[in-house]
Amino acid sequence: MNITRISIYVHDVERMKDFYMKYFDAELDDTYENFQKGTKYTFLKFDEGSRIALVTAPDVQERTQGGRVRGISHFAISLPNALMVRMVTSRLMDDGYQVVNGVRYTGYGKYESRVLDPEGNEIELTTEGFDEE
């Protein structure tokens, strides 16, 4: 089994779409609108088959700042190697995005960093082990 899609309620779908397409090579997969509920879906796909659904709806509430909240804390995007983790993290930081944790080796065998997307969702940039390059 695998996770095929995550959905993120967003305020600015164009900004979010551009972010994931620019930094993670996501491609626009499909769009759908439920006119009865006023909900719009923009699906982005990644080369391994997983997708992100960016969802706008009239009743979505803003995220409150500070502290941890119940629910999904972050999701991970696997990059080919540690060099790519460093490069993408550096590019995001140079472009003004917040880096939550800089690049580092974890205690459980991963090389990672954590960044926030334009709407504050935490993304773990990771590789599968201690691959330096």
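The first residue in the sequence is number 1, and the count goes up from there.
Applying the side chain to side chain donor-acceptor pair (under 3.5 Å) definition to pairs two or more places apart or across chains, those involving residues 27-37 are Asp29-Arg51. The stretch residues 78-104 participates, sequence neighbours left out, in these ring pair (Phe, Tyr, Trp, His ring centres under 6.0 Å) pairs: Phe19-Tyr97, Tyr23-Tyr97. Sorted by first and then second residue, the salt bridge (Lys or Arg N to Asp or Glu O under 4.0 Å) pairs with a member in residues 96-106 read Arg104-Glu112; sequence neighbours excluded.
Partners of Leu116 according to the side-chain contact (heavy atoms from CB on, under 4.5 Å) rule, which considers only residues two or more places apart in sequence or in another chain, are Gln98, Val100, Glu122. Partners of Tyr9 by side-chain contact (heavy atoms from CB on, under 4.5 Å), not counting sequence neighbours, listed by chain and number: Val55, Ala57, Val60. With sequence neighbours excluded, the residues that form a salt bridge (Lys or Arg N to Asp or Glu O under 4.0 Å) with Lys22 are Asp95. Every residue two or more places apart in sequence or in another chain that forms a salt bridge (Lys or Arg N to Asp or Glu O under 4.0 Å) with Glu124 is listed here: Arg114. With sequence neighbours left out, Thr56 forms a side-chain hydrogen bond (donor to acceptor under 3.5 Å, both in side chains) with no residue at all. Under the salt bridge (Lys or Arg N to Asp or Glu O under 4.0 Å) criterion, Arg15 pairs with no residue at all, not counting sequence neighbours. For the salt bridge (Lys or Arg N to Asp or Glu O under 4.0 Å) test, residues two or more places apart in sequence or in another chain that qualify with Glu14 are Lys17. The side-chain contact (heavy atoms from CB on, under 4.5 Å) search around Ser50 returns Phe46, not counting sequence neighbours. Under the side-chain contact (heavy atoms from CB on, under 4.5 Å) criterion, Met87 pairs with Leu83, Met84, sequence neighbours left out.
If you chain together hydrophobic residues whose side chains sit under 4.5 Å apart, Val85 and Val88 fall into the same group. One hydrophobic cluster, built from ILVMFWY side chains closer than 4.5 Å, holds both Tyr20 and Ile3. Residues Leu79 and Phe75 fall within the same hydrophobic cluster, defined by Ile, Leu, Val, Met, Phe, Trp and Tyr side chains chained together at heavy-atom separations under 4.5 Å. Under the 4.5 Å side-chain heavy-atom criterion for Ile, Leu, Val, Met, Phe, Trp and Tyr, Val10 and Tyr41 are members of distinct hydrophobic clusters.
A heavy-atom distance below 4.5 Å is found between the side chains of Ile52 and Ile8. Leu125 has its side chain within reach of Ser113: a pair of non-hydrogen atoms, C-beta onward, lies under 4.5 Å apart. Looking only at side-chain heavy atoms (C-beta outward), Thr126 and Ile77 stay at 4.5 Å or farther from each other. Contact annotation: the side chain of Val115 approaches that of Leu92 to within less than 4.5 Å [non-hydrogen atoms, C-beta and beyond].
Nearest approach of Thr42 to Leu28, heavy atoms of both residues: CG2-CD1, 3.6 Å. Across every non-hydrogen atom of Met16 and Pro118, the tightest pair is SD-CD, 3.8 Å.
Surrounding NE2 of His11 are at most 12 heavy atoms belonging to other residues, nucleotides or ligands under 6.0 Å away.
Expressed to the nearest 0.5 Å, how far CG of Leu44 lies from CZ of Phe24 amounts to 12.0 Å.
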field: Verdict with supporting geometry, Asp25 and Asp47, side-chain contact (heavy atoms from CB on, under 4.5 Å)
entry: CA-CA 8 Å; Asp25 297 327; Asp47 60 358; over 6 Å; no
